[in-house]
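Working notes, beginning with the structure itself.
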Amino acid sequence: MKNESTVLQRASTIKTEAYWMPFTHNRYLKKNPKSRILARAEGAYYTTVEGRRLFDCLSGLWCCPLGHGHPKIAEAVARQVRELDYSPAFQMGHPKIFSLAERIVELAPAGMGQVFFANSGSEAVDTALKIAVAYHRIKGEAARTRLIGRERGYHGVGLGGISVGGIAPNRKMFAPLLLQGVDHLPHTYNAAEMAFSRGQPKWGAHLAGELERLVAPHDASTIAAVIVEPMQGSGGVIVPPAGYLERLRAICDKYGILLIFDEVITGFGRLGEPFGAQRFGVTPDMITFAKIVTNGVIPMGGVIVKPAIHDAFMTGPETSVELFHGYTYSGHPVAAAAAHAALDAIREEGAFKRARDLEPVLEQAAHSLKGEPGVSDIRNIGLAAAVELEPIPAKPGLRALKVFERGLEEGMLFRFTGDTIAMAPPFISTRAEIETMIEKLRVAIRAAR
Ligand SMILES: Cc1ncc(COP(=O)(O)O)c(C=O)c1O
């Protein structure tokens, strides 16, 4: 509290012109920025520069479920900066990154073997796509270059990620830069069949069969990989229909197509298991991760691969580089220290179990919003839920913006995209906090007409 007055004083002097904010309505926000500028965070709460406390309804951007300012992560980061602040990523290593890779493989579903590190989800996705194409080439199937994503999928903002992604605004401005030879599966959302489902909808497994339809005109011998989020997070918490992922796995196996799960959101506990793969009982060939691996404290991402994929590259002279790919900050020591501390905290605090225990609390509370004005759907799985609102006629997105702004007044930092409100509260939330979050959302929805 000691620096409260400094923070408020600083708020009045913030100049907003120079910062071009990502995925933000810059002009609108900058008209009244102060309610949107965060000064501090502790546990499950942020404090704005105006001194308003906000419950962190989306765990940052899905990345901080262990709470902010976690003392063990903070200490580990500080210690690492003093001990080894940077280590060249190429041709050199440091102990913590080897042991981190081992820990991540242990948490991953059985059958995964190696980890390639990046610094974000976007980099992780582009890495996985490159590995997929290169893998087939090494195996003598150089024609397997086609990539298949899914409508409404979000795989970050790299050129690979937006190509396989399926959200139009993220793609249309950059059309000439999109990769050639990409197709999309249909998304699995169908309001008529699944509105107000709790957990996995029963309808929709057959949509995985659309992969067969994409194989037919192209021939399987041209297809490298299919990439899907086990649960579509940024697309609005779209939960996979029961049996869908199993069927996708079976079709990929039938045609020798690699299956990539983008677990940037679902990795490290959001669905109550280490990965969505375990939650849904389907093991892909590669898993991309980021976000929770460091509790969002230091950027880190990566790709977990099956040994068969890794081993395919381990040929040729031992003195030659096997994969011409990597980032200056791949396996950064400070990120590695943060990740170790985050994984320690996950274990010591029983974080996956906490997420599992809170799942019915969130489900029950969220679905109590059914019947509120303009609520057209509510979806949930793990510690994630979305409330879909009917757009105000001719003003798409405005209703959710109003809910978001009223939420701020009510002490809640909701996430809105389009007319969907998404929630993924911290694993450290109490039952009462989750119930309060939903009651405040009710107030905001009623006000947003
Ligand atoms: C499934 C998925 N993949 C990739 C990304 C991109 O991650 P980043 O923003 O760290 O690049 C995200 C981000 O939300 C995501 O949800």
Side-chain angles (χ1 to χ4, degrees), residues 21-24 56-65 116-132 147-167 169-171 174 179 182 184-185 187-189 225-240 245 259-271 275-277 279-280 284 286-304 327 329-330 332 335 338-339 342 381-386 415-418 420 422-424:
M21 301 175 72
F23 277 122
T24 298
D56 187 10
C57 303
L58 199 83
S59 304
L61 282 176
W62 301 91
C63 50
C64 318
F116 193 100
F117 286 99
N119 308 289
S120 65
S122 301
E123 289 180 0
V125 165
D126 283 9
T127 299
L129 300 177
K130 286 172 84 172
I131 291 176
L147 298 166
I148 295 177
R150 190 164 53 170
E151 295 165 1
R152 295 186 70 162
Y154 183 68
H155 300 291
V157 292
L159 297 179
I162 59 168
S163 300
V164 291
I167 298 176
N170 296 349
R171 297 161 49 88
F174 319 110
L179 300 182
V182 173
H184 291 81
L185 290 164
H187 65 75
T188 60
Y189 184 63
V226 170
I227 181 166
V228 292
E229 304 154 83
M231 172 206 78
Q232 292 189 300
S234 304
V237 186
I238 301 178
V239 183
L245 295 171
L259 179 60
I260 305 169
F261 277 180
D262 184 351
E263 298 234 28
V264 165
I265 278 178
T266 50
F268 301 98
R270 181 52 61 192
L271 302 184
F275 291 92
R279 167 81 192 226
F280 298 118
M286 290 192 249
I287 293 175
T288 54
F289 68 86
K291 298 194 189 265
I292 299 180
V293 67
T294 61
N295 197 39
V297 174
I298 304 282
M300 172 174 260
V303 187
I304 315 171
Y327 303 93
Y329 303 121
S330 282
H332 194 288
I381 191 156
L383 205 52
R415 169 90 178 127
F416 70 106
T417 38
T420 304
M423 289 160 284

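When a ligand or atom number is given, it counts from 1 through the structure's own listing order.
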Are side-chain heavy atoms of [X] and [Y] found at a separation under 4.5 Å?
X: Pro65; Y: Asn295; answer: yes
X: Arg150; Y: Gln232; answer: yes
X: Arg415; Y: Cys57; answer: no

Original post:
What residue and heavy atom of the protein are closest to atom 8 (P) of ligand 1, and at what distance?
Top reply: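 Atom 8 (P) of ligand 1 sits closest to the protein heavy atom Gly121 N, 3.4 Å.
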**OP:** Looking only at protein heavy atoms, identify the closest one to atom 3 (N) of ligand 1 and say how far it is in Å.
**Re:**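 Minimum-distance protein heavy atom for atom 3 (N) of ligand 1 reads Asp262 OD2, 2.7 Å.
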**OP:** Check each heavy atom of Trp62 against ligand 1 and say whether those closer than 4.0 Å belong to the side chain, the backbone, both or neither.
**Re:**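 Looking at Trp62 and ligand 1, no heavy atom falls under 4.0 Å.
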Subject >> Proximity to ligand 1 by part of Glu229, non-hydrogen separation under 4.0 Å >> reply: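 Answer for Glu229: side chain.
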**OP:** Going by heavy-atom distance to atom 9 (O) of ligand 1, choose the closest among Gly158, Ser122, Gly165, Ser234.
**Re:**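 That would be Ser122.
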Original post:
Quick one: do the Arg279 and Thr266 side chains pair a donor with an acceptor below 3.5 Å?
Top reply: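 Looking only at side-chain atoms, Thr266 and Arg279 do not form any donor-acceptor pair under 3.5 Å.
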Original post:
Numbering the atoms of ligand 1 from 1, which are under 4.0 Å from a heavy atom of Ser120?
Top reply: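 Per the distance check, 10 (O), 11 (O).
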**OP:** Would you mind running through ligand 1 and noting each atom that sits below 4.0 Å from a heavy atom of Ile265?
**Re:**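 In order of numbering, the contacting atoms are 16 (O).
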Original post:
Taking atom OH of Tyr329 as the centre, does the number of heavy atoms from other residues, nucleotides or ligands within less than 6.0 Å exceed 12?
Top reply: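 Incorrect, the count does not exceed 12.
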Original post:
Lys291 near ligand 1, heavy-atom distance under 4.0 Å?
Top reply: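 The answer is yes, since Lys291 has a heavy atom less than 4.0 Å from ligand 1.
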Original post:
Taking His184 for the side chain and Val164 for the main chain, is one N or O donor matched with an acceptor at less than 3.5 Å?
Top reply: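 Yes: the side chain of His184 pairs with the backbone of Val164.
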